[in-house]
Amino acid sequence: MATNQEIAKAFSTIADLLEITGANAFKVGAYRKATRSCEDEPRDLGRLARESPTELDSIEGIGQSTKAKIIELETTGSIHELEELRLKVPPGLSLLLTLAGVGPKTVKLLWDCAQVTSIDDLRTAIESGAVAAIPRMGAKTVTNLRDAVAAHDLAGSRPTRYRLGEAIPIAEAFLTRLRAAPGTVRATYAGSARRGRDTVGDLDLLVSTRDHAAAKEAFLTAPTVSKLLAQGETKCAVVLTNGLQIDLRIVDDSAFGAALVYFTGSKDHNVFLRERANQRAMKLNEYGLFRTDSSASADGSLALVAAESEEAIYRALDLPLWPAELRESHTADFTQPPPRLIELAEIKSELHAHTTASDGSLSILELATLAKARGFHTIAVTDHSKASAQANGLSVERLLQHIAAIREAEAAIGGITILAGSEVDILADGRLDYDDAVLEQLDIVVASPHTALRQSPEAATARLLAAIRHPLVHILGHPTGRIIQGRDGLSPDIEALCVAAHECKTALEINCHWSRLDLRDVHVRAAVSAGCLIAIDCDIHSPPDADNLRYGIATARRGGLCTSHCVNAWSAEKLHGWLRSKRS
DNA sequence: GCCGTTTTCGGCCCGACTGTTTTCAGTCG
């Protein structure tokens with residue numbers, strides 16, 4: 001059975017190989033779009049291919065040819081056209097495409113003229129002078145190739161993408177520098193970071209200023225800059241010492257909105273907006289939306305329609321303003337009003353937090369004080385259960401003492417409800433780590449998988465369904481147990497979990513830590529369309545964890561979550577009523 | 001290869017920067 005990632009990888013490889021053979025660029029682009037669509041699809045494509053292939057027709061960017069290939073891969077285990085391409089094009093060439101500044105034309109040139117079919121070949125050809133002998137390969141290009149190979153060797157130990165919670169603080173440090181530069185009017189980050197993706201390939205910064213040179217200076221002289229990739233009047237790119245690339249775009253403030261639209265993307269969304277502009281006799285670029293019909297002025301410049309704000313541009317295109325997190329290719333219809341997405345300020349409770357009783361750094365009172373300072377009406381103390389020995393999980397006896405301590409603390413602090421809870425391990429077979437008689441004494445139960453995270457999808461589905469259906473469980477914590485760039489975690493049938501969670505009124509958690517973000521965005525999308533309740537929790541172990549809420553909110557928004565279905569946004573009365581409903 | 005409030009054929013977003021060239025091709029986002 002082919003996973004969505006495997007199908008996406010097959011299309012991506014087809015695109016690479018086609019590109020090297022010099023195929024039609026639009027055909028290559030179609031495969032790249034199909035790749036993104038498969039990566040973003042919450043449903044299991046292999047299952048759809050087997051059980052209801054017509055549903056594949058509804059996926060943006062999947063047509064008759066790519067649909068047939070998905071079915072072929074699912075039923076035969078391979079794609080004939082891909083195998084044919086692999087016979088024609090040496091496999092090492094697609095790796096050459098990953099080198100900085102190397103595209104399909106360069107790869108083809110190196111292959112044709114110097115028989116380069118791998119990065120090792122390229123290294124040899126550079127040092128032997130074979131590359132320099134190729135037409136249009138000047139000294140500077142050879143140097144750039146040598147650097148690109150060296151960077152590739154170095155990158156072996158480095159991630160190719162950076163997690164959102166690692167990238168955002170770096171972006172904000174650069175924005176602080178830019179805002180302090182003379183002439184700066186506005187500065188922000190855009191790109192996939194603004195769209196809230198769980199990892200970013202690079203950072204895109206945008207600054208509007210009256211002094212382009214000062215902004216450029218502030219950017220290029222930052223202490224963490226390690227390598228200059230490009231610098232022009234309006235655009236600079238650098239690599240930091242940690243390997244992260246940052247692009248800066250400098251514009252006049254009158255064009256800030258147009259530049260923000262352009263720089264936020266996604267790529268597919270930009271194409272959509274520009275095509276829509278064309279249909280209306282207009283042109284959209286990073287400087288504005290312009291009329292292309294007869295209204296051009298005497299000097300040949302086009303009449304400006306909108307540029308100063310995103311709102312103005314969307315309005316002029318007869319579209320509602322869509323939140324950045326939903327500007328992705330899978331969004332169904334941008335002409336419809338977007339959902340009113342949940343916002344950070346609407347979160348009024350934290351339902352997953354640890355204390356010194358297990359592996360947290362805060363006492364019950366310190367935790368409650370932190371939550372109160374954030375304006376929350378409720379904080380749940382959910383220390384680990386006994387199976388999590390490595391996290392100092394609580395025995396039944398310790399748990400009962402802890403409940404008593406929580407009751408005392410609540411009486412002492414006042415002004416906030418402290419719930420006595422537990423983050424109970426879901427054992428590999430789906431049983432919970434405490435007996436029902438113990439769980440019944442708790443105000444809230446978060447059930448989470450911590451071990452056996454490599455079990456089969458079927459076993460994982462059965463295990464998590466058991467927890468969702470357990471009458472005393474309120475929240476399924478970090479459902480897959482994935483660690484971004486660490487481990488894949490479980491691969492349960494998400495649709496089945498969503499159906500059960502909706503039926504049982506069990507909330508599915510978005511764990512806000514940037515190394516988890518679990519549920520991930522596509523899972524949230526599936527949960528939202530199934531009508532599930534969602535909990536957005538920081539899984540607080542120490543005070544800084546509470547600041548991760550923004551990443552969970554971004555993930556929730558990418559999934560289309562509205563306030564009504566987020567239990568943390570409910571009033572105390574509604575939240576406590578829901579919790580008690582599982583205690584009758 | 002995908003797609004359709006002008007189309008089932010003929011389009012398909014747009015511009016900056018670099019390097020090798022004297023006007024442009026390649027790459028990137």
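A quick note: this is a predicted structure, and the numbers were derived from the prediction, not measured. Letters A, B, ... mirror the listed sequences (proteins, then strands); counts begin at 1.
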Just name whichever nucleotide pairs with B/dC28, Watson-Crick or G-U, keeping both distances under 3.5 Å, else none.
B/dG15
In whole Å, measure the gap between the P atoms of B/dG19 and B/dC9 for me.
46 Å
Let me know, please, whether A/Asp57 or A/Arg136 comes out on the 5' side of the other along DNA chain B by nearest nucleotide.
A/Asp57
To the nearest Å, how far apart are A/Phe26 CZ and B/dG11 P?
11 Å
Should A/Leu289 and A/Lys283 count as side-chain neighbours, where that means a heavy-atom distance under 4.5 Å?
no
Nearest-Å distance for atom pair CZ/P, residues A/Arg195 and B/dG29:
13 Å
Please state the P separation for the pair B/dC28 and B/dT20 - nearest whole angstrom.
16 Å
What's the closest nucleotide to the side chain of A/Ala230 if the choices are B/dT27, B/dC17, B/dG1?
B/dC17
Out of B/dG26, B/dG29, B/dC2, which has the shortest distance to the side chain of A/Asp247?
B/dG29
Look at all strands and tell whether A/Val102 reaches a base, only sugar-phosphate, or nothing, counting heavy atoms closer than 4.0 Å.
sugar-phosphate
note: A/Phe263, atom CZ; B/dC28, atom C1'; distance rounded to Å ~ 11 Å
B/dC13 and B/dC2: how far apart are their P atoms, nearest whole angstrom?
16 Å
Tell me whether the side-chain N/O atoms of A/Asn278 come closer than 4.0 Å to OP1 or OP2 in B/dC12.
no
Within the pair A/Thr141 and B/dG26, is there a side-chain N or O less than 4.0 Å away from OP1 or OP2?
no
Can you confirm whether A/Ile119 sits close enough to A/Val149 that some side-chain heavy atom of one is under 4.5 Å from a side-chain heavy atom of the other?
yes
Protein-nucleotide distance (A/Asp204, atom CG; B/dC17, atom P), rounded to Å:
15 Å
Touch check for A/Ala139, heavy atoms < 4.0 angstrom, all strands: base, sugar-phosphate only, or nothing?
sugar-phosphate
For B/dC17 and A/Lys235 - does any side-chain N or O of the residue sit under 4.0 Å from the phosphate oxygens OP1/OP2?
no
Using the P atoms only, state how far B/dG1 lies from B/dT5, rounded to an integer number of Å.
23 Å
Heavy-atom nearest nucleotide on DNA chain B for A/Gly138 versus A/Asp202: which residue maps closer to 5'?
A/Gly138
Between A/Trp322 and A/Phe334, what is the ring plane arrangement, given parallel below 30°, perpendicular above 60°, and tilted in between?
perpendicular
Flag the pair A/Lys67 and A/Asp57 as a salt bridge only when some basic side-chain nitrogen lies within less than 4.0 angstrom of an acidic carboxylate oxygen.
yes
If you look at every strand shown and take non-hydrogen atoms under 4.0 Å, does A/Lys33 touch a base, only sugar-phosphate, or nothing?
nothing
Just call it for A/Leu99: base, sugar-phosphate, or nothing, with non-hydrogen atoms closer than 4.0 Å on any strand.
sugar-phosphate
Taking CD from A/Glu275 and C1' from B/dT5, how many angstroms apart are they, rounded to a whole number?
15 Å
Please tell me if A/Asn285 has a side-chain N or O lying less than 4.0 Å from either OP1 or OP2 of B/dG15.
yes
Just so I know, are the side chains of A/Arg197 and A/Glu325 near enough to count as touching, which here means a heavy-atom distance under 4.5 Å?
no
Which one of A/Glu74, A/Glu495, A/Glu55 satisfies the side-chain hydrogen bond (donor to acceptor under 3.5 Å, both in side chains) criterion with A/Arg47?
A/Glu495
Tell me if the side-chain of A/Tyr262 makes a donor-acceptor pair with the base of B/dG15, cut-off 3.5 Å, by modelled atom types.
no
When you measure from the side-chain N and O atoms of A/Asn144 to the phosphate of B/dT18, is any distance below 4.0 Å, counting only OP1 and OP2?
no
Do any N or O atoms from the side chain of A/Arg525 and from the backbone of A/Asp40 form a donor-acceptor pair under 3.5 angstrom?
yes
Rounded to the nearest Å, what distance is computed from the OH atom of residue A/Tyr287 to the C1' atom of nucleotide B/dG15?
7 Å
Considering only the C1' atoms, how many Å lie between B/dA16 and B/dG11, rounded to the nearest integer?
26 Å
In whole angstrom, what separates A/Ile20's CD1 from B/dT27's P?
11 Å
Which value, in whole Å, describes the distance between the C1' atoms of nucleotides B/dT21 and B/dG26?
13 Å
Please state how far atom CD in A/Gln64 lies from atom P in B/dG1, giving the value in whole angstrom units.
12 Å
Would you classify A/Leu273 as touching base, sugar-phosphate or nothing, given that sugar-phosphate means primed atoms plus P, OP1 and OP2, and contacts are heavy atoms under 4.0 Å?
nothing
Nearest to the side chain of A/Lys140, which nucleotide is it out of B/dG29, B/dG19, B/dG1?
B/dG19
With P as the reference atom in both, quote the distance from B/dT23 to B/dC17 in angstrom, rounded to an integer.
22 Å
